[in-house]
There are 2 protein chains.
Amino acid sequence: MLTELFLKGRLRHDLNEEERSALENAVARTIEIRPRVTLVERGQLIQHSYYLVQGTMLRHIDDRRGERQLVGVNIPGDFVDLHGYAMKRLDHDVGSLTGAILAQISHRKITELIDSYPHLGRALWFSTLLDAAMHREWIFGLGRLNAEGRIAHLIAELIERLRLVGLYDGSVLPIPLLQRDYAEACGITPVHANRSFRTLRERGALRPCGEGRMEILDEELIRRLGEFDGSYLYGTGELALRTLHDR
Amino acid sequence: MLTELFLKGRLRHDLNEEERSALENAVARTIEIRPRVTLVERGQLIQHSYYLVQGTMLRHIDDRRGERQLVGVNIPGDFVDLHGYAMKRLDHDVGSLTGAILAQISHRKITELIDSYPHLGRALWFSTLLDAAMHREWIFGLGRLNAEGRIAHLIAELIERLRLVGLYDGSVLPIPLLQRDYAEACGITPVHANRSFRTLRERGALRPCGEGRMEILDEELIRRLGEFDGSYLYGTGELALRTLHDR
DNA sequence: GCACCGCGCTAACCTATGTGATTGAGACTT
DNA sequence: AAGTCTCAATCACATAGGTTAGCGCGGTGC
């Protein structure tokens, strides 16, 4: 099943079988793309959205000088541009970090899904609001943490999100971000990202383990340095749904 | 009419009379609150959302040490916590900057609205995605601009948003943010916010004009310093809807 | 086999921003 | 009238992070 990870660990148990298979059947086709290619460009009129089945995608805004600011990272189970459904044009670019497999769903189908399954509609809405919650947390990190904390926060978030969808093995962060990518996400220079990774290494928090991946040695420390509290991911914790969604 | 500013300058002409009056009739009551009070607290279970009729509201995340990071500013025409409809608990606090008037709409009513007027449902969704687009732009600003640029970007955004809803008179920014508020929004210290305002003043970009308000002397300069391009507000410009929304 | 290139890594130096303290104006209390 | 706040405005000093340059390693192309 392509969409089995959608909202996994979140509203999962709140989507019934009918809704889930309707979502599954809405997929027009799957596409496979290579690493570091652009999937959706800012400003382009879109009629489909993409659900990420495998791989990692990056979302970014570029400034005049071509400097890139990451505004989001997507992992399997995420829609990468569902907000494009209501917006029709994105304000940012979406591209692959690794090779990736995506399921394409037309906006027409999404309208049908929402009309037929109002609760699924709210789940789709919810998933775009999760993005917004992550954005807010990134704003917090950029505004209040130093470089080391920002990197730690990002890593802690990725670990937690991977864990929610069952893709974290407890030791290796399976996302091959370059130090440049961390720099572009954290609003620092690659040189300073390197410095920060050195101190993280020296503290025994993590170490590189080839192919751009990180071995996580002390997740608790990473969370502390990043002042990370994952409740904003609405998986577990104080913000998660504790009662059945109002259907 | 309470909700006349909702999506004004955006999808406005895309809401028909029936939808608009349905929204208007969904308002249970209006409340008035005083300056600098909390309206919705992080984590609290909510059953209503609030639409801002008058005044300015601030949304913020606080860290362990009580340091506050603003994650959004709301002006009349905005829902301040519509995302609470799908999330049930907010990941951040919402409070007033000035005295404010808000229209309360119960989540039950919102469900009815969406079920009866699918297009209005998408408009509501769209409005929460506008928030997300602003979040992304703030991430960009925090990541890529220096202190002066961040302040300029924030001011340029506020001007543009006020203009879209017809609340900008072309010269005074009618939002009495303190320098501390700018600092909390821009991830800098109040001392540095003060320095940055001095250089903005010296450049002839703006000047304070009492009650915490700013007189805008050179909007073009402010936009340039903040690398501001308002298309992400989906009002005018390359991202705005140019065709009728798919109903 | 050699040249190249991207990436991680480091050092020396410079600058933007943080820190801590002080001052004065205006509003509000008592 | 005196005391107390809060906020804008500074200053002197400390430091996180930017800049520029360079090195080595591994992959890739010729």
Side-chain angles (χ1 to χ4, degrees), chain A residues 34-37 63 65-69 97-98 141-155 173 175-203 206-215 225-227, chain B residues 34-37 58 63 65-69 97-98 141-155 173 175-203 206-215 225-226:
Chain A
R34 306 178 359 115
R36 303 276 179 185
V37 298
D63 74 6
R65 297 171 295 279
E67 300 282 323
R68 172 167 298 188
Q69 174 65 47
L97 168 67
T98 63
L142 287 165
R144 296 292 145 207
L145 304 179
N146 64 11
E148 194 189 12
R150 294 179 202 176
I151 290 175
H153 191 285
L154 173 55
I155 291 176
L173 184 69
I175 299 181
L177 291 163
L178 301 177
Q179 291 188 358
R180 169 167 40 90
D181 299 315
Y182 282 100
E184 289 173 352
C186 297
I188 55 179
T189 58
V191 172
H192 199 52
N194 183 278
R195 280 196 276 248
S196 306
F197 272 110
R198 172 164 45 157
T199 68
L200 286 170
R201 232 184 302 128
E202 287 168 356
R203 287 179 197 270
L206 49 74
R207 74 173 162 224
C209 65
E211 319 272 305
R213 295 194 191 77
M214 292 288 158
E215 182 179 355
L225 291 170
E227 296 195 14
Chain B
R34 306 180 358 115
R36 302 276 179 187
V37 298
L58 303 178
D63 74 7
R65 296 172 295 278
E67 299 282 321
R68 171 165 299 189
Q69 174 64 47
L97 168 67
T98 63
L142 287 166
R144 296 292 146 205
L145 303 179
N146 64 14
E148 195 190 11
R150 294 179 202 175
I151 290 175
H153 191 285
L154 173 55
I155 291 176
L173 184 69
I175 299 181
L177 291 164
L178 301 178
Q179 291 188 357
R180 168 168 39 92
D181 299 314
Y182 282 100
E184 289 173 352
C186 296
I188 56 180
T189 57
V191 173
H192 199 54
N194 183 277
R195 280 196 276 250
S196 304
F197 272 110
R198 172 163 48 156
T199 70
L200 285 169
R201 234 184 300 127
E202 286 167 355
R203 288 179 197 269
L206 49 73
R207 75 173 163 223
C209 65
E211 320 271 305
R213 294 193 191 76
M214 292 288 158
E215 183 180 354
L225 291 170

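Residue numbering restarts at 1 for every chain, and letters A, B, ... go by the order of the sequence lines. Please read all numbers here as calculations on a predicted model, not as lab measurements. Any value given below was found using the heavy atoms of this structure, including those in side chains, with hydrogens, waters and symmetry copies removed.
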If we fit an axis to the first five pairs and another to the last five of the helix from C:dG1-D:dC30 to C:dT30-D:dA1, what angle do they make, to the nearest 10°?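 About 40° separates the two local helix axes.
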Identify, with sequence neighbours excluded, every residue that meets side-chain contact (heavy atoms from CB on, under 4.5 Å) alongside [X].
X	result
B:Asn146	B:Glu148
B:Glu215	B:Ser171, B:Arg207, B:Cys209, B:Leu217
B:Asn194	B:Gln179

Any side-chain N or O of [X] less than 4.0 Å from the OP1 or OP2 oxygen of [N]?
X	N	value
A:Arg198	C:dT10	yes
A:Arg201	C:dC9	yes
A:Asn194	C:dC9	yes

Distance in angstrom units between [X] [atom1] and [N] [atom2], rounded:
X	N	atom1	atom2	value
A:Arg144	D:dA16	CZ	C1'	16 Å
A:Glu211	C:dG6	CD	P	19 Å
B:Glu67	C:dG18	CD	C1'	11 Å
A:Leu200	C:dG8	CG	C1'	15 Å

Closest to side chain of A:Pro208, choosing from D:dT10, C:dC9, C:dA11: C:dC9
Output a table of nitrogen or oxygen pairs between the protein and nucleotides 4-7 of chain D separated by less than 3.5 Å.
residue: D:dC7; atom: OP1; partner: B:Arg180; partner atom: NH2; Å: 2.9
residue: D:dC7; atom: OP2; partner: B:Arg180; partner atom: NH2; Å: 2.9

According to the salt bridge (charged side-chain N to carboxylate O under 4.0 Å, His left out) rule, which pairs have a member within residues 179-199 of chain A, sequence neighbours left out?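 Sorted result for residues 179-199 of chain A: A:Arg36-A:Asp181.
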Check nucleotides 14-17 of chain C against the protein and report each pair of N or O atoms closer than 3.5 Å, with its distance, or say if there are none.
residue: C:dT17; atom: OP1; partner: B:Ala147; partner atom: N; Å: 3.0
residue: C:dT17; atom: OP2; partner: B:His192; partner atom: NE2; Å: 3.1
residue: C:dT17; atom: O5'; partner: B:His192; partner atom: NE2; Å: 3.1

For A:Arg34, which residues count as a side chain to side chain donor-acceptor pair (under 3.5 Å) partner, sequence neighbours excluded? none
